[in-house]
Amino acid sequence: MSRATAILTASALASCGLFPAPTGSTTCRADEDCPTGYRCQEQLCRVLDAGAADAAVADGQPGDAALDRAIADAGPGVDRVPLDARADAGSDGATPDALPCSFDAGPLDVPFSFAPVMAKRLTNAYDGGGGPFRVAPLIQAIAEGRCSRGDAIVANVGTRIGGTFFERFDPSQGTIVFWATPEWDIDDLSDATRHFLRAGDFRFGVDGPTRGVFVQIGNARLSFEDSMAGWRAGSTHFVALRWSRQTNFNAAFRVALDVDGAEQLGFEGALPVATVDTPLVVGAFDPSGLGAIGASIEGLTIYRRPLSSSSGGIDVGDGDEIGAIHSAGVGREPTQVTGSWGVVFALPTDARDVALVSPTDASQAFSHPHGKNLLPDGFLLTDDQRRRWSPIGDSTIQPATGDEAVFGGGVRVTTEARREGIGIDFNNRDNRSLVVRALVHSDGTSAVRLRLDAVADELFHIDGTTGSRRDRPDVLIATAEVATNTRLHLELVNTSDAHSTFFVHQVEVLPNMLPNPSFETGSGPDPEWNPDGWLNENPSSLRTYPELTTVHSGGTSAGIDGAGGQAYMDIRVVREPAGFDKLGDFFATGAFFWTLNNHNHVIRPDNGCLMRLAHPIDKFRVEVPSVAHIWQHLRGVGRRHHLPSEVAVNCSQNRNFLRFGGNWNSTTEVLVDDAYLIHLDRVPLQVRPADLSHSLTADALRVDGRDLVWQPVSALTVGSGSISVRIGRPHPPSTDRLFCPYGRVLFELGALWSDHITLRSHSDGQVRFDADIQTISCDEVHTQNLLGDGRLHRFDVVYDSLGDLTLSIDGVVKSRCQLAGSTWESVPQQINYGDGANHVEHCDVWVGREGAVFGGQ
């Protein structure tokens, strides 16, 4: 459906009765002379219209027919003229015009009550449609494509790190991953104003004319033509965008786009750096909702690095991270697949259908907790940060160059002998357990050792490899139990005797919520040895022992032998540290496993009481096929599912603990070391919910997502009355069930099961009339495809004191029920649109601007 403009004189507008005339003038001299939503241009009032000139009536958008009549009635010389796409998109072709206009011609005819919550809406994933998750936030678009506002999710980009990038967005490089379910067909879009994401002059959205995605980074703009070919309303698509100033894809390109597994590459040469001078906006161009995408966004995750794929990237654990995320299956957040270390912002899709409300609701986003890093100089980006690290031995420290760096910073450390490198001292404050992570790579000769000392005693060391490269760096992770307020020394040194060089990109020291994470202490003899702070819940069939030879770090790992067919070790988390007490909190967890055979090993909470995936019936579970005699890192991200006080009510056996171990379905023996549980920071979201200003069409109010709209009841009596309301559905029958599952409420009068009149959706545009008044029922399905045709249809319900009740559709009686003289037990006080009184039966609908018209005696 192409865009066009309508040019109408003010007098013509007044004569057709559609809009008021400018005060005291039949032509306009300035914008203030025009009705709301119009511009003064060449002494005419100019309005944007979403319909094509030759197809407005066929397209059936509300208001097009009325506008066509207005144009016809206006007489000769009034016609539709083509709209300049760049004028609509803005001077740069990507920025929508910031016009404070809408198609609202004045106040509504009735006092609707609009309770917009921009909640996560059901995506119907379990009925074979929608996205991979059960619920997702719907970013409501501009009503009918007109000059108004849509929804937006807004977050602060955070503070600058080293003056180079931000905590939650890195304009120089990164990856954006999500799934999108549009409410439009790509072939109907002729503009380039809809945005998936924007931060400053980094812009990522839909280019309708090329049926593709556009990316703007600084002054560089790319359009990936036909990358969205075939996108239809209600269809779900995987999207991953990668960009980097330092990393080439397939040796030449700096931007890579993956849509549904098909990759396109673009931009050769030096990539500009975007200026991030605005908040991070998801689903729109700016916080007001201008340029809103009009789609459900699921699993949105932003990484600081370009993830790896067959065309390149920075690989810190999986050679094809993009492919792994794409193929992970239903309900797997990207962070479940890759871990959280590279994540700077995520808007996860929770199983709970709740409102997005700042700042403490369970639907908040999260980011990797840079603020809790005890080494704020760990990116080594500036001279001041680098000076806080001391050379060890005769080593020299220099800034890493562009083709050596991973994050646009870091250092090159040149050594002459073994045990030379860099070190730093810091105070662990009040933490008893720490997890340390370093990202490094070698020149092919050095092997980097990460070492942590307390005073003169080594707490752990862990070694990298000589084969690590910049695009495949070593990720060194280890844990330690420490005394509070102890001065600690951390160092990265070369373990090779030869002159060599290694590169350090990032070092983090974070609080670990698990006690005794490296299993260094315990009590009891083999086979009933118990690490301090851990539990053996199955002593009769489980052998646990301290392993002193094969360790990941430190001097001990925990051996778990499932002689009776089960192998696991648990830690109760009901004794939680402060700060992990909010429902919906995010956490990252992981451990290193060494297996003596090829059985799987897992991390999960028992009964799913602590943490869950987005999938509503799955427990949080991380599992990979193990490789014998190799330390493997399992990691995942989850959310707090129950509070300790809720466990007895919601969880079987009243157990709430984290479980590390081997596959309990077969006999296996594993070693576990360096377990961690990290509390991730929430990111407060500023949400502009749907409201009247951008939910109005020419003659209808749009009720989308989890919007709640109702109207007071008047004039009805217990014995008799009439209700007349115009209802329509915006989606065609082919995709309507994705936005309105069968049985959902179009309108509902009365809240009691035994005392209500309800119109519900049915299959393929059919409607179900469902009335129960004092146990007398009328329940019928009307087979004609009335809804989903883009039009409003009139529904009239009449009842009288004799018990007769009729339903008419567009003036034709469709149902007649005899209620045996029974009518309302109590007259309803309001009528609900697009949802029932329980707020769990939502259906996207249009409601006539006049609302329900009531009559009675």
Side-chain angles (χ1 to χ4, degrees), residues 1-4 48-52 54-56 58-61 82-83 85-86 88-90 93-96 123 129-132 136 138-146 150-151 176-198 203-216 221-241 255 257-264 266 282-285 290-298 300 326 704 730-736 738-739 788 790 844:
M1 185 170 61
S2 61
R3 297 173 68 87
L48 300 178
D49 175 52
D54 58 353
D59 287 339
Q61 296 296 317
L83 172 68
R86 289 188 64 83
D88 183 62
T95 307
T123 63
L138 169 68
I139 315 296
Q140 181 172 285
I142 295 169
E144 294 187 86
R146 289 182 167 85
D151 291 326
I176 301 171
V177 184
F178 58 90
W179 287 262
T181 304
E183 294 197 305
W184 35 261
D185 294 354
I186 187 62
D187 291 335
D188 287 343
L189 302 187
S190 60
D191 61 272
T193 65
R194 298 168 188 252
H195 284 67
F196 289 121
L197 182 141
R198 181 200 173 198
R203 300 166 188 173
F204 178 31
V206 180
D207 188 342
T210 67
R211 299 196 305 169
V213 167
F214 76 80
V215 182
Q216 182 170 326
R221 180 179 169 87
L222 295 174
S223 180
F224 292 95
E225 294 187 7
D226 291 323
S227 56
M228 304 177 76
W231 279 43
R232 300 291 303 276
S235 62
T236 301
H237 303 271
F238 171 80
V239 179
L241 175 71
V255 179
L257 174 72
D258 186 295
V259 177
D260 296 329
E263 185 177 72
Q264 291 177 268
V282 177
F285 173 78
L290 193 67
I293 189 65
S296 293
I297 302 294
E298 303 182 62
L300 174 75
H326 182 214
D704 278 351
H731 307 290
S734 60
T735 57
D736 184 64
L738 302 177
F739 303 98
D844 287 4

> Between Leu241 and Val255, which heavy-atom pair has the shortest distance, and what is it?
Replying inline: CD1-CG1, 3.9 Å
> Roughly how far, to the nearest 0.5 Å, is the CG atom of Asp185 from the CZ atom of Arg232?
Replying inline: 4.0 Å
> Should His195 and Phe214 count as side-chain neighbours, where that means a heavy-atom distance under 4.5 Å?
Replying inline: yes
> Run the side chain to side chain contact (heavy atoms under 4.5 Å, CB included) check on Val215 and Leu257 step by step: do they pass?
Replying inline: CA-CA 10 Å; Val215 182; Leu257 174 72; 5.8 Å; no
> Is it true that a side-chain atom of Trp184 and a backbone atom of Leu189 form a donor plus acceptor pair closer than 3.5 Å?
Replying inline: no
> Between Ile293 and Val206, what is the shortest heavy-atom contact and its length?
Replying inline: CD1-CG2, 3.6 Å
>> Minimum heavy-atom separation for Ala295 and Pro182, please, with both atom names.
In response: CB-CA, 3.6 Å
> Can you tell if the side chain of Thr181 reaches within under 4.5 Å of the side chain of Glu298, non-hydrogen atoms only?
Replying inline: yes
> Can you name the closest pair of heavy atoms from Arg221 and Ala192 and give their distance?
Replying inline: NH2-CB, 3.9 Å
> Between CZ of Arg198 and CD of Gln216, what distance do you get to the nearest 0.5 Å?
Replying inline: 9.0 Å
> In Å and rounded to the nearest 0.5 Å, what is the CG to CZ distance from Leu222 to Phe204?
Replying inline: 11.5 Å
>> Give me the atom names and distance for the closest heavy-atom approach of Ile297 to Leu300.
In response: CG2-CB, 4.0 Å
>> Show, in sequence, the C-alpha distance, side-chain angles and deciding distance for Phe224 and Thr210, and conclude whether the side chain to side chain contact (heavy atoms under 4.5 Å, CB included) test is met.
In response: CA-CA 8 Å; Phe224 292 95; Thr210 67; over 6 Å; no
>> Can a donor-acceptor pair be found, under 3.5 Å and without considering hydrogens, that links the side chain of Asp844 to the backbone of Asp704?
In response: no
> Mind checking whether Phe285 and Arg203 have side chains closer than 4.5 Å, heavy atoms only?
Replying inline: yes
> Closest approach of Ala180 and Phe196, non-hydrogen atoms and distance?
Replying inline: CB-CE2, 4.1 Å
> Within the side chain of Asp207, is there an N or O that forms a donor-acceptor pair under 3.5 Å with the backbone of Val213?
Replying inline: no
> What distance do Arg211 atom CZ and Ile186 atom CD1 have between them, rounded to the nearest 0.5 Å?
Replying inline: 8.0 Å
